[in-house]
Structures are given as structure tokens and as C-alpha cells.
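One structure below.
When reading the values below, keep in mind they use all heavy atoms of this one structure, side chains included, and skip hydrogens, waters and symmetry mates. Below, chains carry the letters A, B, ... as their sequence lines are ordered, and counting in each starts from 1.
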Amino acid sequence: MRLSRFFLPTLKEDPKEAQIVSHRLMLRAGMIQQSSAGIYSWLPLGYRVLKKIEQIVREEQNKAGALEILMPTIQPADLWRESGRYDDYGKEMLRITDRHERDMLYGPTNEEQVTDIFRSHVKSYKDLPLNLYHIQWKFRDEVRPRFGIMRGREFLMKDAYSFDLDYEGAKTAYNNMFVAYLKTFDRLGLKAIPLRADTGPIGGDLSHEFVVLADTGESEVFYHKDLLSLATPEKADYSSDELQEIVDMWTDYYAAADDMHDAENCPVAEGDLVSRRGIEVGHIFHFSDKYSKPFGASVAGPDGKDSIVSMGSYGIGVSRLVGGIIEASHDDDGIIWPDSVAPFDIGLINLKSGDEACDAACDEFYGKLTAAGADVLYDDTSGRAGEKFAKMDLIGLPWQATIGPRGVKSGMVEVKNRRSGEKQELDMDAALKLLVG
RNA sequence: CGGGGCGUAGCACAGCCUGGUAGUGCGCUCGCUUUGGGAGCGAGAGGUCGCAAGUUCGAAUCUUGCCGCCCCGACCA
């Protein structure tokens, strides 16, 4: 992609409304534009990142055996009256009346909707276990949206829902998602820790939050120092017992959010306890028959008798992760994207656009990178060097390749790693080898 | 929902107290000079001063109401 043909409205100065670093950088890097409080448009650069994260989440859900569906954003109130949540949910739920005076709502979550789908079609234990997920926009009318995309009112979320015959099956489904989450956050380049969580209004007895570590995170977490050295599970398939072992291994270590942490009675020795800040990006629940019972979601068991299915739900804040990743990975100059979610792989800078030799060298290098399958943002604009470097640092592509009058005669390319800052002068072939293998 | 703050050009702001023809920096356009870390000079374009009512000969400025946005707290993917 040539920058001259791209839409990248970057800002040199900090917008005043943005306090936290991810919000500031997203606005400055031209990733998003606020539409109203807590509601944003995604501009090309931001949208690319959002889509990359979404795709990784999707791939890991698919690998875990979950099936993708797509449920509507607008739901009928009657469904929520069946579970009793229409009255319980309060003002955070955006309520809408259609032209026929029917009560509708913009979904803040989809337990009712998915349980309705399940009960309409699934009648036998032979169809279990089942895990349905979707990646869809949600709306919660927060009293006070803040932190940009991290705590918006409209947000993109992956939510999965598992259905099992009994508690044992549900627990395996839960463990399966637990492990899928470890793999997902690892692929996103994040350090995530599972915290035993309060189950809150949804209820249930098995629940974990996944918190991404970032110095600027919203809440404080305490955990045993060895927790982070655990290896992320790699195998494609695990048996129920293996899943349980992995979950046990991860949850044996102490980890708690500040509201659950009791310094006086903490089981971890002071020297082994680490305190850092974090951002909640995922939440998994087992909630048994909370929805299946009022909805009459039951299946015939092997004995021919109907039994209510046991459910769980598993959320990942996809849009929030964009901010979370930036919080966890940036410096004074801008964003530092992990390779897996970077909007482009490489930024190519033509230091003297309009100069015949520079243009020719850049065009050639751009062609080779692209032919090798790299996604390249090629700054072919007529801007000044400093401006180009600063902009490239700001948008945080993992690699920068610079071609300017100084090195062009000898066919040299300067390659810089955004994260380490390390620069090296290479001839075009060596640079190509480094960047695209 | 309690408390606080702010709405003036695309962005950041000054002007308001003490009413009198709307300004600065960045960005944008054109020209010249520059050219390896957000350039210099010159010339331009761009604003019903959030909206409405009121006071006044005259309102960005004073008064009232409304709307929007931000921050702190309680609450949450």
C-alpha cells in the first residue's frame, strides 16, 4: 500500500480529550475517530488491527471446536423477559421501540438469544457437547465511557456459549476454553493471567478473568512470580484429563485482583508476590442452568429422560484488546505492534521521493517485498525525513526499511526494528532476506 | 448517578474579568530555499465563537435555559 493512496490522518499533537496512552496513540495514529461518547469509527489503520485480532480469536475458537454463528445486534425484549433480565439489567441496556411499538433492545450480551437457538433445534444428548460463538458488536450504555476504545459503549466482543449434558461435560467445555484463551493471548503477543473471579450478576461457581499486564492498566493484580514462566499449551487436542491438568497448573498459583487480594492473609511469601497493573480482556463463566432452565433448554439423555443442559459463556473483548495491546506495548515515540496484529508488516520509507534513483530503488524493493508476501506500507510521499521517521514510529510497524540518497548509490537499505530500535545497513538482497526470509 | 471542568478554523489554544470589525502556533494550498529524526521565508484558503432566548445602539465577551464533550469517584468486556 502506497501511503499516498492510503487514508492515515495522523496528528502531531495530543488531542486534549485523550488521557491514557492507548487512547492518545490511537487518535494520533489515525486509527479511530470518536462519533459520540464511547462510540467510535474505525479508520483504515485501526480497522486492520481490529480485523487481525478478530481473526486470531476466531482461529483459536475454531481450533477449540467452537462453531461460529452470527446473532443480531437488536434483540426482542420478550426473550429477556423469559430470563427475567429485562427488568434486572437497568439503564446500561439500550432499549428501543420499533414502529409497531414492540420493545426491542441493542444486545449487551447474547445468552438469551443463543439459548433460544439451542432449544429450538437441539433435542438429544447425541448433539452435545456444543459450543456456539459469534463476534459481534455489543452495546452497554455505560454511565461514564472512558479510556477511548477500552471502555466504550459500543464494543466488539467474541462470546461463546457451551452446552453440555451435565456438570462434568460443562467443566471440560470450560477448561477447553480456558486453554484456548491461553493460546489466544499468547498469539496476540500478550502476557495474560487468569484470575479467579467474582461471578457477579450472571452467577455460577466457575469463573475466571483474563488480565493483560500493562503498566498503565486500570486495576492492580497480585500474583505468584512463577505464574508467568508457565509454558503456554501448544498441542492441538487435549483429553479432558489433560485439560484439567493444565487448568489446575495455571490456577494453583496465586493470582488475584486488588479487590480480592488480602495482604494480611496472602498465602504467597512476600518475596514471591508480584504486583502489577492489568486490563481485563476476557472472562469465562460456568453458569449451569441459569438460562437453560427458564428457557426449557433440555435434551433427551441416554435413558430417554429429558434433562436441562449445563451452560457456560466465554467472552473476549476484541475491540478492547486493541487498546490493551497498545497499553502493553508502546514507547515515547508511539505504538509497537506485536507482529501478529500489526496493520502492516513493514514500513518502507522513501527519503527523497521525486529523486529518480531513490524512487527506482524504493519501487524495486517494494515490489520484491510485496512479491514475497509481505504487507508493506510504502511512504512515497514528498514529506521530510524527520516527519516520515516520526510517523512510522508512531504507527508502530514492526520493521522499517529506509532508502535515501545517502545509501541508494551503493544499493544499501537501512533496516530498523521498531521494538529494539536496532538499525542495520544492508544491501537489498540481505535486507530482503532479513525481512521476508 | 454524585462532584468538577471545557465548548472560539482540521488540531492545540489566546481573547471573555473590564461588551466596540476574531487572533496565535501546528496542519492545509501556492512559490522559492532547504532536505537522514515532525524545516525557513513569502503569499493564501479556512470560523453563523456549541444552540436558543434575553439585556444592550452594539454580545465570543454579560444573564438564563438547553445540548455536547472531558476529568475524579461508585460500576463494568
[X] side-chain proximity, nearest of [options]:
X       : options                : answer
R151(A) : C69(B), C76(B), G36(B) : C76(B)
E13(A)  : G36(B), C76(B), A12(B) : A12(B)
K16(A)  : C13(B), C1(B), G36(B)  : C13(B)
F389(A) : G36(B), G27(B), C75(B) : G36(B)

Using a cut-off of 4.0 Å on non-hydrogen atoms, how would the nucleic acid contact of [X] be classed: base, sugar-phosphate, or nothing?
X       : value
G404(A) : base
A385(A) : sugar-phosphate
L394(A) : base
K158(A) : nothing
R153(A) : nothing
V318(A) : nothing
G38(A)  : nothing
G383(A) : nothing

On a whole-Å scale, what distance lies between the [atom1] atoms belonging to [N] and [M]?
N      : M      : atom1 : value
A74(B) : G15(B) : P     : 35 Å
G10(B) : A45(B) : C1'   : 13 Å
C13(B) : A39(B) : C1'   : 23 Å
C62(B) : G20(B) : C1'   : 14 Å
C30(B) : G37(B) : P     : 25 Å
C72(B) : C11(B) : P     : 22 Å
G36(B) : C69(B) : C1'   : 41 Å
C26(B) : U21(B) : P     : 26 Å

Taking only the side-chain nitrogens and oxygens of [X], find out if one of them lies under 4.0 Å from OP1 or OP2 of [N].
X       : N      : result
Q34(A)  : G68(B) : no
R384(A) : A39(B) : yes
K91(A)  : C1(B)  : yes

Write down the distance between [atom1] ([X]) and [atom2] ([N]), rounded to a whole number of angstrom.
X       : N      : atom1 : atom2 : value
I39(A)  : G68(B) : CD1   : C1'   : 13 Å
L8(A)   : G27(B) : CG    : P     : 16 Å
L156(A) : A77(B) : CG    : P     : 16 Å
E218(A) : G73(B) : CD    : C1'   : 15 Å
I403(A) : G37(B) : CD1   : P     : 18 Å
L27(A)  : G10(B) : CG    : P     : 17 Å
I284(A) : A77(B) : CD1   : C1'   : 14 Å
Q33(A)  : C69(B) : CD    : P     : 14 Å

Is the backbone N or O of K171(A) less than 3.5 Å from a side-chain atom of H286(A), with the two atoms forming a donor-acceptor pair by type? no
Among K183(A), K158(A), K52(A), R187(A), find the residue that satisfies the salt bridge (charged side-chain N to carboxylate O under 4.0 Å, His left out) test when tested with E59(A).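 With E59(A) as partner, salt bridge (charged side-chain N to carboxylate O under 4.0 Å, His left out) holds for just one option, R187(A).
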Check this for me: does the side-chain of [X] come within 3.5 Å of the base of [N] through a donor and an acceptor?
X       : N      : result
K12(A)  : G37(B) : no
R144(A) : C76(B) : no
E414(A) : G36(B) : yes

Does a side-chain N-to-carboxylate-O contact under 4.0 Å join R81(A) and D78(A)?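 Looking at D78(A) together with R81(A), the answer is yes, because their closest N to O distance falls below 4.0 Å.
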So does K290(A) pair up with E111(A), basic N to acidic O under 4.0 Å? no
What does [N] pair with, Watson-Crick or G-U, if both distances are under 3.5 Å?
N      : answer
A59(B) : none
G27(B) : none
A39(B) : U33(B)
C1(B)  : G73(B)
C16(B) : none
G7(B)  : C67(B)

Determine whether the side chains of [X] and [Y] contain a donor N or O and an acceptor N or O closer than 3.5 Å.
X       : Y       : value
Q61(A)  : R58(A)  : no
R119(A) : S292(A) : no
Q33(A)  : S41(A)  : no
S288(A) : Y167(A) : no
N131(A) : Y133(A) : no

Assuming nearest nucleotide by heavy-atom distance, tell me which of M150(A) and Q19(A) is located more 5' along RNA chain B.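 Nearest nucleotide further toward 5': that of Q19(A).
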Quick check on RNA chain B: between E425(A) and D14(A), whose nearest nucleotide comes earlier from the 5' end? D14(A)
